[in-house]
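Have a look at the structure below before the remarks.
Since the model is a prediction, treat every value here as computed from it, not as a measurement.
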Amino acid sequence: MQRTEYLLLLLKKLRLTIILLCLVGGIISFAISNVVYTPEYTVTRAFTISVNEHPGANSATINANQLSKTIPSLLSNNVFIDHMEQYLEADGITGKFKVTSLEYSNIFYLTVVSSDNDSCFKIIEHIEKHYNEVAKGVIGESTMKFLAPPSYNNLPSNAPNYAISVLFGIFFVFAVFCLALFIMVKCTETVTSADDLGNEINAPCLSTVHRVYHKKRSGQARNEKYNIPLVTDENANLEFCREISTLSSKFDKYCKLKSCKSVLVTSTISGEGKSSISLNLACDLADKGKRVVIIDCDLRMPCIARNLGIDNIDVSLSDALASPEKDCVIKTAVDNLYFAGNNKNIYTPLDSTNPKQLKALIDRLKAEFDYIIVDTPPSSFLGDAIEIGEITDGFVYVVSYNSVSKNYILRSLSAFDEARCQMIGFVLNHKVK
């Protein structure tokens with residue numbers, strides 16, 4: 001699967017989480033904008049400037065033109081602003097102001113912005129009072145005269161737009177989440193397609209099996225480990241059945257090519273579905289007329305018997321290995337399918353599964369059955385799978401979709417290579433749509 005497709009798949013899978021996080025981001029953004037919001041009020045007032053000493057009437061128009069350019073520049077430069085700040089700070093007033101002119105006239109507009117209207121009026125008063133201290137050095141003695149009453153509004157001029165704040169918060173969280181997913185996908189080393197692993201280990205993918213969600217059969221434990229979907233179930237998922245059928249057909253083909261009758265099924269870690277694959281593989285082979293026996297060698301956490309509906313085991317696998325004369329093979333409800341194993345946990349399985357005795361049992365069963373499927377514990381935690389792999393003809397490796405690091409899988413498989421175990425192929429399990 002391409003990384004873009006995988007990213008889209010993650011977005012689809014995590015859509016509820018994304019929606020929840022975006023809502024939280026919108027709420028947080030709303031709260032922040034409400035906290036940092038500072039209202040601003042604007043007051044505008046018109047005024048004129050009269051120069052006390054000026055040339056004759058013939059130059060009055062020229063003076064007006066000059067003033068329309070000089071006054072805004074004078075009242076907006078840093079000298080006047082710095083001069084005014086000392087008086088405003090003394091009164092504890094903060095704000096800003098600017099001056100614009102009506103072109104070709106001596107009419108000007110003073111616009112003041114502050115945290116409230118009263119502060120705006122005080123700033124205007126200070127400007128009127130101290131204007132001449134700076135202006136007289138530039139245009140000489142002059143008089144500032146305010147014309148109409150000030151123009152102002154009782155509502156803030158910068159009313160917050162909470163809708164934009166909320167949308168920004170939602171978009172920001174979504175963008176960060178997508179970026180994090182993109183980085184994760186870019187850096188991921190898990191197996192998301194058959195080619196990801198097949199090209200590295202030079203082994204065939206026997207089948208890609210999608211994850212199946214189903215109801216547990218009556219009487220089964222709630223633990224998912226004991227709730228394996230079976231192709232023999234009455235309402236079995238059709239796609240799942242087709243994928244298992246593909247697995248059993250390829251398995252049969254490659255086993256004949258490599259002369260394998262006893263096959264171990266394992267995985268890197270627990271939870272990858274190796275027991276589900278081994279049990280369904282055995283069921284489908286039996287359904288196709290092959291005589292199959294499945295041996296549950298995962299003695300710490302056996303689950304095959306429970307999923308086959310076997311409650312009572314007179315002679316367990318442990319008993320048969322301790323006393324080879326005992327027969328531990330049980331006929332199951334599935335035609336052509338037999339079982340050997342335990343239905344109780346054993347916490348010292350290395351002593352219970354003596355390799356020589358297990359090999360003798362497997363060799364004896366080869367004469368009676370077409371295939372012996374051996375389900376073992378994960379290969380990365382315990383040495384059971386490697387040890388049992390040495391006495392079987394080959395092994396099938398189960399890899400859960402996007403679950404385990406590819407390097408971790410390759411390290412586990414290298415142990416089988418060192419033990420000279422023959423790999424039949426691998427199964428990409430639990431793939432999601």
Side-chain angles (χ1 to χ4, degrees), residues 22-52 64-136 138-139 141-174:
C22 286
L23 289 176
V24 172
I27 293 172
I28 293 175
S29 180
F30 172 81
I32 292 175
S33 64
N34 193 48
V35 170
V36 303
Y37 167 65
T38 301
E40 292 183 348
Y41 292 82
T42 302
V43 175
T44 302
R45 195 160 191 190
F47 67 92
T48 60
I49 297 295
S50 300
V51 179
N52 296 339
N65 290 337
Q66 293 174 342
L67 288 176
S68 68
K69 299 177 182 178
T70 303
I71 296 301
S73 176
L74 174 66
L75 298 185
S76 298
N77 66 28
N78 292 332
V79 175
F80 183 72
I81 292 174
D82 293 341
H83 184 76
M84 288 297 302
E85 280 182 352
Q86 59 181 322
Y87 300 108
L88 298 177
E89 289 176 1
D91 288 349
I93 302 172
T94 58
K96 53 188 178 180
F97 57 88
K98 69 175 182 177
V99 176
T100 57
S101 65
L102 187 62
E103 196 172 5
Y104 304 116
S105 72
N106 68 337
I107 299 177
F108 307 92
Y109 297 96
L110 174 62
T111 303
V112 181
V113 179
S114 188
S115 58
D116 56 77
N117 284 328
D118 289 341
S119 296
C120 291
F121 294 140
K122 290 179 180 178
I123 292 174
I124 293 174
E125 291 176 2
H126 275 287
I127 292 175
E128 181 183 16
K129 180 178 180 180
H130 300 285
Y131 149 79
N132 209 41
E133 297 176 17
V134 175
K136 66 181 179 181
V138 178
I139 61 175
E141 293 291 337
S142 59
T143 303
M144 174 183 285
K145 181 180 180 181
F146 288 102
L147 302 177
S151 172
Y152 66 94
N153 197 323
N154 288 323
L155 297 176
S157 57
N158 66 333
N161 194 327
Y162 291 118
I164 292 180
S165 298
V166 171
L167 290 175
F168 173 79
I170 292 174
F171 175 78
F172 178 79
V173 170
F174 181 75

task: Kindly indicate, with the supporting measurements, whether the criterion side chain to side chain contact (heavy atoms under 4.5 Å, CB included) is fulfilled by S165 and F30.
output: CA-CA 6 Å; S165 298; F30 172 81; 5.6 Å; no
Which pairs of donor and acceptor atoms, one on a side chain in residues 38-45, lie under 3.5 Å apart (sequence neighbours left out)?
residue : atom : partner : partner atom : Å
T42     : OG1  : S157    : OG           : 3.0
R45     : NE   : A148    : O            : 3.3

- prompt: With distance as the sole test, does S29 use its side chain to make a donor-acceptor pair with the main-chain N or O of G25 at under 3.5 Å?
  reply: no
Check residues 70-84 and write down every donor-acceptor pair under 3.5 Å in which the side-chain atom is one partner and the other belongs to a residue at least two apart or another chain.
residue : atom : partner : partner atom : Å
T70     : OG1  : Q66     : O            : 2.7
S76     : OG   : P72     : O            : 2.8
N77     : OD1  : V79     : N            : 3.2
N77     : OD1  : F80     : N            : 2.9
N77     : ND2  : L74     : O            : 3.4
H83     : ND1  : Q86     : NE2          : 3.4
H83     : NE2  : E133    : OE1          : 2.7

Test ring-ring contact (aromatic ring centres under 6.0 Å, His included) applied to F146 - qualifying residues, sequence neighbours left out: F47
- prompt: Taking only residues two or more places apart in sequence, or in another chain, which ones meet I27 in a side chain to side chain contact (heavy atoms under 4.5 Å, CB included)?
  reply: none
- prompt: Can you check whether I49's main-chain N or O pairs, donor with acceptor, with N106's side chain at less than 3.5 Å?
  reply: yes
S68 versus L102, closest heavy-atom pair with distance: CB-O, 4.3 Å
task: Return the set of residues passing side-chain hydrogen bond (donor to acceptor under 3.5 Å, both in side chains) with Y162 (not counting sequence neighbours), or none when no residue passes.
output: N34
task: Nearest 0.5 Å please: distance from the CD1 atom of I127 over to the CG atom of L110.
output: 4.5 Å
- request: Take atom OH of Y37 as the centre, draw a 6.0 Å sphere, and report whether it contains more than 12 heavy atoms from other residues, nucleotides or ligands.
  value: yes
- request: Give a yes or no on this: more than 12 heavy atoms of other residues, nucleotides or ligands lie within 6.0 Å of atom OH of Y87.
  value: yes
Show me the donor-acceptor pairs within less than 3.5 Å that the side chains of residues 112-124 make with the rest of the protein, sequence neighbours left out.
residue : atom : partner : partner atom : Å
S114    : OG   : T94     : O            : 2.5
D116    : OD1  : D118    : N            : 3.1
D116    : OD1  : S119    : N            : 2.8
D116    : OD1  : S119    : OG           : 3.1
D116    : OD2  : S119    : OG           : 3.2
N117    : ND2  : N153    : O            : 3.2

